[in-house]
Amino acid sequence: MNLTKTLLHSPSSTPITKCLPYNQPPSSSVHGRCRHRLTVISMAKQTNEPASTNGLAEKLAIAGGLIATPVIGWSLYTLKTTGCGLPPGPAGSIGALEGVSYLAVVGIVGWSLYTKSKTGSGLPNGPFGLLGAVEGLSYLSLVAIVVVFGLQFYQQGSLPGPVPVPGDQCFG
(Lines give C-alpha, C1' and ligand atoms only; values in the text may rest on other atoms or scores of the structure.)
Protein backbone atom coordinates (compact mmCIF):
# COMPACT_ATOMS: atom_id res chain seq x y z
CA MET A 1 0.00 0.00 0.00
CA ASN A 2 1.67 3.18 -1.18
CA LEU A 3 0.55 6.38 0.48
CA THR A 4 1.69 9.76 -0.77
CA LYS A 5 0.98 13.29 0.34
CA THR A 6 -1.00 15.37 -2.08
CA LEU A 7 -1.57 19.10 -1.83
CA LEU A 8 -5.03 20.26 -2.80
CA HIS A 9 -5.36 23.97 -3.48
CA SER A 10 -8.43 26.02 -4.10
CA PRO A 11 -9.02 26.85 -7.79
CA SER A 12 -7.46 30.15 -8.92
CA SER A 13 -10.86 31.50 -9.99
CA THR A 14 -11.96 31.64 -6.36
CA PRO A 15 -10.33 34.65 -4.69
CA ILE A 16 -10.24 33.61 -1.08
CA THR A 17 -7.22 35.74 -0.09
CA LYS A 18 -9.02 39.05 -0.75
CA CYS A 19 -9.70 41.04 2.40
CA LEU A 20 -13.44 41.56 2.81
CA PRO A 21 -15.67 42.11 5.79
CA TYR A 22 -17.69 39.06 6.62
CA ASN A 23 -21.06 40.76 6.05
CA GLN A 24 -20.14 42.87 2.98
CA PRO A 25 -20.60 41.84 -0.67
CA PRO A 26 -17.47 41.56 -2.84
CA SER A 27 -18.16 44.93 -4.58
CA SER A 28 -17.81 46.83 -1.30
CA SER A 29 -14.73 49.00 -0.81
CA VAL A 30 -14.71 48.53 2.95
CA HIS A 31 -11.84 46.31 4.09
CA GLY A 32 -12.19 44.14 7.15
CA ARG A 33 -10.66 40.92 8.28
CA CYS A 34 -8.70 38.96 5.71
CA ARG A 35 -9.40 35.45 4.71
CA HIS A 36 -6.34 33.35 4.05
CA ARG A 37 -5.72 30.70 1.43
CA LEU A 38 -6.31 27.24 2.80
CA THR A 39 -3.95 24.40 2.05
CA VAL A 40 -5.46 20.97 2.46
CA ILE A 41 -3.13 18.03 2.87
CA SER A 42 -4.65 14.61 2.39
CA MET A 43 -3.39 11.07 2.30
CA ALA A 44 -4.49 9.19 -0.80
CA LYS A 45 -3.92 5.59 -1.77
CA GLN A 46 -2.40 5.50 -5.22
CA THR A 47 -2.40 1.99 -6.53
CA ASN A 48 -3.65 0.16 -9.58
CA GLU A 49 -4.46 -3.01 -7.64
CA PRO A 50 -8.09 -4.01 -7.21
CA ALA A 51 -9.66 -3.45 -3.79
CA SER A 52 -9.45 -7.16 -3.00
CA THR A 53 -6.49 -9.24 -4.09
CA ASN A 54 -7.74 -12.36 -2.32
CA GLY A 55 -10.70 -13.14 -4.58
CA LEU A 56 -10.10 -16.88 -4.87
CA ALA A 57 -8.99 -17.21 -1.24
CA GLU A 58 -12.10 -15.33 -0.10
CA LYS A 59 -14.39 -17.58 -2.12
CA LEU A 60 -12.70 -20.73 -0.84
CA ALA A 61 -12.89 -19.46 2.74
CA ILE A 62 -16.59 -18.65 2.32
CA ALA A 63 -17.40 -22.06 0.85
CA GLY A 64 -15.22 -23.89 3.35
CA GLY A 65 -16.55 -21.94 6.32
CA LEU A 66 -20.19 -22.35 5.35
CA ILE A 67 -19.66 -26.12 5.15
CA ALA A 68 -17.27 -26.46 8.09
CA THR A 69 -19.23 -24.67 10.82
CA PRO A 70 -22.33 -26.93 10.67
CA VAL A 71 -20.11 -30.03 10.48
CA ILE A 72 -18.26 -28.86 13.58
CA GLY A 73 -21.56 -28.22 15.33
CA TRP A 74 -22.66 -31.76 14.49
CA SER A 75 -19.29 -33.13 15.61
CA LEU A 76 -19.34 -31.26 18.93
CA TYR A 77 -22.92 -32.32 19.63
CA THR A 78 -21.99 -35.94 18.92
CA LEU A 79 -18.87 -35.68 21.06
CA LYS A 80 -20.81 -34.21 23.99
CA THR A 81 -23.67 -36.73 23.84
CA THR A 82 -21.77 -39.93 22.98
CA GLY A 83 -18.19 -39.24 24.03
CA CYS A 84 -17.04 -39.96 20.47
CA GLY A 85 -16.64 -37.90 17.33
CA LEU A 86 -18.51 -38.47 14.09
CA PRO A 87 -18.50 -42.00 12.67
CA PRO A 88 -16.03 -42.64 9.85
CA GLY A 89 -18.81 -43.11 7.28
CA PRO A 90 -18.41 -44.73 3.86
CA ALA A 91 -14.71 -44.99 3.05
CA GLY A 92 -13.98 -42.63 5.97
CA SER A 93 -15.60 -39.68 4.19
CA ILE A 94 -17.53 -38.29 7.19
CA GLY A 95 -14.49 -38.55 9.45
CA ALA A 96 -12.37 -36.86 6.79
CA LEU A 97 -14.95 -34.08 6.42
CA GLU A 98 -14.90 -33.62 10.19
CA GLY A 99 -11.10 -33.31 10.28
CA VAL A 100 -10.95 -30.95 7.31
CA SER A 101 -13.70 -28.83 8.89
CA TYR A 102 -11.64 -28.35 12.05
CA LEU A 103 -8.63 -27.39 9.93
CA ALA A 104 -10.72 -24.96 7.86
CA VAL A 105 -12.02 -23.15 10.95
CA VAL A 106 -8.53 -22.92 12.46
CA GLY A 107 -7.24 -21.64 9.09
CA ILE A 108 -9.93 -18.94 8.83
CA VAL A 109 -9.30 -17.79 12.41
CA GLY A 110 -5.55 -17.75 11.73
CA TRP A 111 -6.03 -15.72 8.54
CA SER A 112 -8.28 -13.32 10.45
CA LEU A 113 -5.73 -12.87 13.25
CA TYR A 114 -2.92 -12.34 10.73
CA THR A 115 -4.99 -9.74 8.85
CA LYS A 116 -5.92 -8.05 12.13
CA SER A 117 -2.25 -7.80 13.14
CA LYS A 118 -1.28 -6.32 9.77
CA THR A 119 -4.20 -3.96 9.08
CA GLY A 120 -5.86 -3.37 12.43
CA SER A 121 -9.15 -4.87 11.27
CA GLY A 122 -10.36 -8.36 10.51
CA LEU A 123 -11.15 -9.90 7.16
CA PRO A 124 -13.10 -7.84 4.61
CA ASN A 125 -16.84 -8.44 4.43
CA GLY A 126 -16.58 -10.15 1.05
CA PRO A 127 -19.49 -10.58 -1.35
CA PHE A 128 -22.85 -10.11 0.39
CA GLY A 129 -21.02 -9.93 3.73
CA LEU A 130 -20.43 -13.69 3.65
CA LEU A 131 -16.72 -13.60 4.50
CA GLY A 132 -17.42 -11.48 7.56
CA ALA A 133 -20.17 -13.90 8.58
CA VAL A 134 -17.87 -16.91 8.09
CA GLU A 135 -15.21 -15.15 10.15
CA GLY A 136 -17.66 -14.61 13.01
CA LEU A 137 -18.98 -18.17 12.79
CA SER A 138 -15.41 -19.48 12.83
CA TYR A 139 -14.64 -17.59 16.03
CA LEU A 140 -17.86 -18.92 17.59
CA SER A 141 -16.95 -22.45 16.48
CA LEU A 142 -13.50 -22.06 18.01
CA VAL A 143 -15.04 -21.01 21.34
CA ALA A 144 -17.43 -23.99 21.18
CA ILE A 145 -14.51 -26.32 20.42
CA VAL A 146 -12.59 -25.08 23.45
CA VAL A 147 -15.64 -25.41 25.73
CA VAL A 148 -16.72 -28.88 24.57
CA PHE A 149 -13.17 -30.26 24.43
CA GLY A 150 -12.55 -28.83 27.91
CA LEU A 151 -15.71 -30.43 29.26
CA GLN A 152 -14.88 -33.73 27.56
CA PHE A 153 -11.38 -33.74 29.00
CA TYR A 154 -12.68 -32.79 32.47
CA GLN A 155 -15.39 -35.50 32.49
CA GLN A 156 -13.63 -38.33 30.64
CA GLY A 157 -9.99 -37.54 31.34
CA SER A 158 -9.08 -37.58 27.65
CA LEU A 159 -10.25 -36.76 24.15
CA PRO A 160 -11.01 -39.43 21.55
CA GLY A 161 -8.21 -39.92 19.05
CA PRO A 162 -8.50 -38.63 15.50
CA VAL A 163 -8.06 -42.11 14.00
CA PRO A 164 -10.01 -45.15 15.24
CA VAL A 165 -7.73 -47.88 16.57
CA PRO A 166 -8.66 -51.49 17.39
CA GLY A 167 -10.07 -51.82 20.90
CA ASP A 168 -10.92 -48.11 21.13
CA GLN A 169 -14.30 -47.17 22.62
CA CYS A 170 -15.11 -45.12 19.51
CA PHE A 171 -15.47 -47.10 16.29
CA GLY A 172 -12.57 -49.42 17.15
Quiz: residues 136-150 side-chain donor-acceptor pairs under 3.5 angstrom, not counting sequence neighbours:
| from | atom 1 | to | atom 2 | distance (Å) |
| --- | --- | --- | --- | --- |
| Ser138 | OG | Val134 | O | 2.8 |
| Tyr139 | OH | Ser112 | OG | 2.9 |
| Ser141 | OG | Leu137 | O | 2.9 |

Results of side-chain contact (heavy atoms from CB on, under 4.5 Å) for Tyr77 - residues two or more places apart only: Thr81
Rounded distance (nearest 0.5 Å) linking atom CD1 of Ile72 with atom CD1 of Ile67: 12.0 Å
What about Val100 and Val105, same hydrophobic cluster or not, with Ile/Leu/Val/Met/Phe/Trp/Tyr joined at side-chain heavy-atom distances under 4.5 Å? no
Would you give the length of the straight line joining atom CD of Glu98 to atom OG1 of Thr78, rounded to the nearest 0.5 angstrom? 8.0 Å
Spacing of CG belonging to Leu131 relative to CG belonging to Leu60, to within rounding of 0.5 Å: 11.0 Å
Atom pair CD1 (Ile94) and CH2 (Trp74), whose distance is rounded to the nearest 0.5 Å: 4.5 Å
Minimal non-hydrogen separation, Thr115 against Gly122, with atom names: CG2-O, 3.6 Å
Restricting to non-hydrogen atoms, name the atom on Glu58 and the atom on Pro124 that form the minimum distance, rounded to 0.1 Å. OE2-CG, 3.4 Å
ILVMFWY cluster, Leu123 and Phe128 together (side-chain gap under 4.5 Å): yes
Using every non-hydrogen atom in the two residues, find where Ala104 and Ala68 come nearest and quote the distance to one decimal. CB-CB, 4.1 Å
Separation of Leu86 CG from Leu76 CG (nearest 0.5 Å): 9.0 Å
